[in-house]
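Encoded as C-alpha cells, the structure appears first; notes follow it.
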Amino acid sequence: MLTSPICDLLGIDYPVFQGGMAWIADADLAAAVSNAGGLGIIAAGNAPATVVEEQIRRARTLTDKPFGVNIMLMSPYAGDIAELVVQHKVPVVTTGAGNPSKHMAAWREAGITVIPVVPSTGIAKLMQRAGAAAVVAEGGESGGHVGDLTTMALLPQVCDAVTIPVIAAGGIGDGRGMAASFMLGASGVQIGTRFLVAKECNVHPTYKQKILKAHDIDTIATGRRLGHPVRSLKTPFSRAFWDKEYDCAVSDEELEKYGEGALRLAAIDGDAQRGCFLAGQIAGMVDTEQTAAEIITEIVTQAESLLTNAPRWVK
Ligand code: TUI
C-alpha cells in the first residue's frame with residue numbers, strides 16, 4: 001500500500017490533496033475527497049468570511065475526516081479568513097499567492113497544520129523557518145497563479161532545501177505523475193484539474209466540458225506583465241487578454257480591470273466568451289467524469305503498481 005509521512009501527519013489514508021481551486025472547490029468537493037481518503041480542501045479564493053464559514057460548517061456535516069481551507073493571500077478578505085480558520089479549528093490550512101508568515105504563529109497555536117504552497121526554494125526555506133509542517137511545491141504546469149519553474153525542476157530542489165515533507169503540484173493528472181513525484185522526493189501530490197471534473201464538483205457543466213475536450217497545448221499563461229501570471233484554457237477571454245498584455249497602449253490598470261470577475265463568470269456562469277477557465281497543462285489527459293473516490297483509487301493504484309515495478313529498470 002502506498003503511504004507516506006503525510007498520511008500519519010494528517011490522519012488521511014492516501015497522500016493525495018485536492019487543489020484549492022477558487023470559485024470551484026467547495027464543501028461538497030472537499031468532503032467527497034476527504035471521505036475517499038485524500039485531503040479535501042475548501043478554496044476561500046476571493047470570498048468573504050461569511051461565505052467560507054458556511055462552507056466549513058457544511059463540510060463538517062458531510063465528513064468527519066480531516067479537511068483543509070486554502071487561503072488565497074491576494075484576497076482582500078485573507079485576514080478575515082485567517083481568523084476564521086482559528087475560530088473553527090480547521091485541521092489544515094494551505095496558502096497560495098503570497099507569504100503567510102504573519103499568520104503562522106496564530107494558526108499553530110490553534111493546532112492547525114499549516115502547509116503553504118511555494119514556487120521556489122527560497123520561499124520553501126522561509127516557510128520551514130516560520131513553522132510550516134510541510135510545503136506544496138507547485139510548478140508552472142498547474143492551473144491558476146503560476147511560478148516560473150516546472151515541477152520537474154522545482155520539486156527535487158525544494159526536497160533538498162527543506163527537511164519537512166514536500167507535496168508535489170502542477171502537471172500531475174494520474175498515477176504516472178504521482179509515481180514520478182515520489183521518485184523526485186515528494187511525500188504526496190496535490191491535484192486540481194482532474195478533481196475539477198469530479199462528479200461531486202459543482203462547477204458549471206460548460207467548464208467541465210471544456211476540460212474534458214482540452215488537448216495538451218490548450219492552456220496559456222497570461223498576466224506576466226502584472227506580476228502574477230495565471231494559466232487558463234485558451235478562450236476568447238485569454239486570447240484577448242494576451243493581446244492587451246502586449247499592447248503598450250493598454251495600461252496595467254485597464255488590464256487588471258479587464259480580468260476582474262472572469263473566474264466567477266467561468267466557474268458559476270459557464271460564460272465561454274468572457275470567463276477565465278483556469279486549468280493545468282494536464283487538462284489534455286482528463287477525459288472522464290468520475291467520482292472523487294474513483295479518481296483517487298485509480299491514481300493511487302497506478303502509482304503503487306509503477307513504484308512496485310520500478311526495479312525492472314535496474315539490471
Ligand atoms: O495561488 C495559487 N494559485 C492560484 S491563486 C488564484 S486566484 C488569483 N486571482 C487573480 C490573480 C491571481 C490569483 C488562482 N490560482 N497557487 C499557489 C501559488 N503560490 N503559486 C504561486 C504562489 C506564491 C507566489 C509568491 C507563493 C508565495 C509567494 O511568495 C511571494 C512573497 O510574497 O514573498
Side-chain angles (χ1 to χ4, degrees), residues 17-25 41-47 52 68-78 81 93-104 114-130 132 134-151 154-155 158 161-162 166-172 189-193 195-196 203 207 219-233 237-238 241 245 252 255-268 275-281 283:
F17 291 13
Q18 160 250 312
M21 300 170 281
W23 287 106
I24 298 171
I41 297 179
I42 296 167
N46 269 317
V52 181
V69 168
N70 174 262
I71 305 182
M72 210 280 278
L73 294 163
M74 279 167 62
S75 162
Y77 304 108
I81 314 284
V93 163
T94 65
T95 62
N99 178 350
S101 293
K102 67 174 182 192
H103 306 295
M104 301 268 280
V114 185
I115 309 185
V117 179
V118 301
S120 68
T121 57
I123 298 175
K125 286 197 264 193
L126 193 70
M127 293 300 103
Q128 174 168 275
R129 277 202 300 277
V135 288
V136 176
E138 186 182 82
E141 299 94 319
S142 71
H145 180 37
V146 290
D148 284 331
L149 296 177
T150 59
T151 303
L154 174 69
L155 181 57
V158 171
V162 296
V166 178
I167 290 99
I172 303 161
V189 292
Q190 176 169 285
I191 293 173
T193 306
F195 281 121
L196 192 150
V203 74
Y207 204 141
T219 72
I220 185 172
T222 56
R224 281 221 155 73
R225 195 178 113 186
L226 299 173
H228 48 82
V230 167
R231 181 175 301 286
S232 66
L233 292 176
F237 168 83
S238 60
F241 198 100
E245 190 169 356
D252 284 2
L255 198 58
E256 200 77 73
K257 192 112 198 91
Y258 183 70
E260 269 171 26
L263 300 186
R264 183 183 201 286
L265 283 173
I268 310 295
C276 177
F277 295 79
L278 302 183
Q281 287 182 328

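Order of listing sets the numbers, starting from 1, for every ligand and every atom in it. No hydrogens, no waters, no symmetry mates; every other heavy atom, side chains included, goes into these values.
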- Message: Can you confirm whether or not the ring centre of Tyr258 sits under 6.0 Å from the ring centre of Phe237?
- Response: yes
- Query: Which residue supplies the protein heavy atom nearest to atom 27 (C) of ligand 1, what is that atom called, and how far is it?
  - Reply: Gly98 O, 3.1 Å
- Item | Atom pair CD (Gln18) and OG1 (Thr94), whose distance is rounded to the nearest 0.5 Å | 9.0 Å
- Item | Atoms in ligand 1 flagged as close to Gly96, the criterion being non-hydrogen separation under 4.0 Å | 1 (O), 17 (C), 19 (N)
- Item | Side chain, backbone, both or neither: the part of Ile123 lying under 4.0 Å from ligand 1 by heavy atom | side chain
- Report the distance from atom CG of Leu149 to atom CG of Leu155, rounding to the nearest 0.5 Å. 11.0 Å
- Task: If you have a sec, work out which protein heavy atom is nearest atom 22 (C) of ligand 1 and how many Å separate them, to one decimal?
- Result: Ala97 N, 3.6 Å
- Note on the structure: Atoms of ligand 1 under 4.0 Å from any heavy atom of Gly144, numbered from 1 in the order shown, are 14 (C), 15 (N)
- Task: Take every heavy atom of Leu278, measure it against each atom of ligand 1, and state whether any distance is under 4.0 Å.
- Result: yes
- Give a yes or no answer on whether the side chain of Thr219 reaches the backbone of Gly280 with a donor-acceptor pair at less than 3.5 Å. no
- If you scan protein heavy atoms around atom 16 (N) of ligand 1, the nearest is Glu138 OE1, 2.9 Å
- Query: Could you give the distance from OG1 (Thr222) to CG (Leu255), rounded to the nearest 0.5 Å?
  - Reply: 8.5 Å
- Query: Which distance, rounded to the nearest 0.5 Å, do you find between the OH of Tyr207 and the CG of Leu265?
  - Reply: 12.0 Å
- Item | atom 24 (C) of ligand 1: any protein heavy atom closer than 4.0 Å | yes
- Passing candidate, side-chain contact (heavy atoms from CB on, under 4.5 Å) with Pro100, options Val114, Leu73, Ile71: Leu73
- Query: Looking only at heavy atoms, is any part of Ala22 under 4.0 Å from ligand 1, and if so is it the side chain, the backbone, or both, or is it neither?
  - Reply: neither
- Note on the structure: When Arg225, Lys257, Arg224 are each screened for salt bridge (Lys or Arg N to Asp or Glu O under 4.0 Å) with Asp252, the one that passes is Arg225
- Given Asn99, Leu263, Leu126, which one has a non-hydrogen atom that is nearest to atom 31 (C) of ligand 1? Asn99
- Message: Heavy atoms only, cut-off 4.0 Å: how does Met74 contact ligand 1, side chain, backbone, both, or neither?
- Response: side chain
- Query: Hey, does the side chain of Gln190 reach the backbone of Ile167 with a donor-acceptor pair shorter than 3.5 angstrom?
  - Reply: no
- With heavy atoms under 4.0 Å as the rule, classify the contact between His145 and ligand 1 as side chain, backbone, both or neither. both
- Query: To which of Gln190, His228, Met72 does the heavy atom nearest atom 7 (S) of ligand 1 belong?
  - Reply: Met72
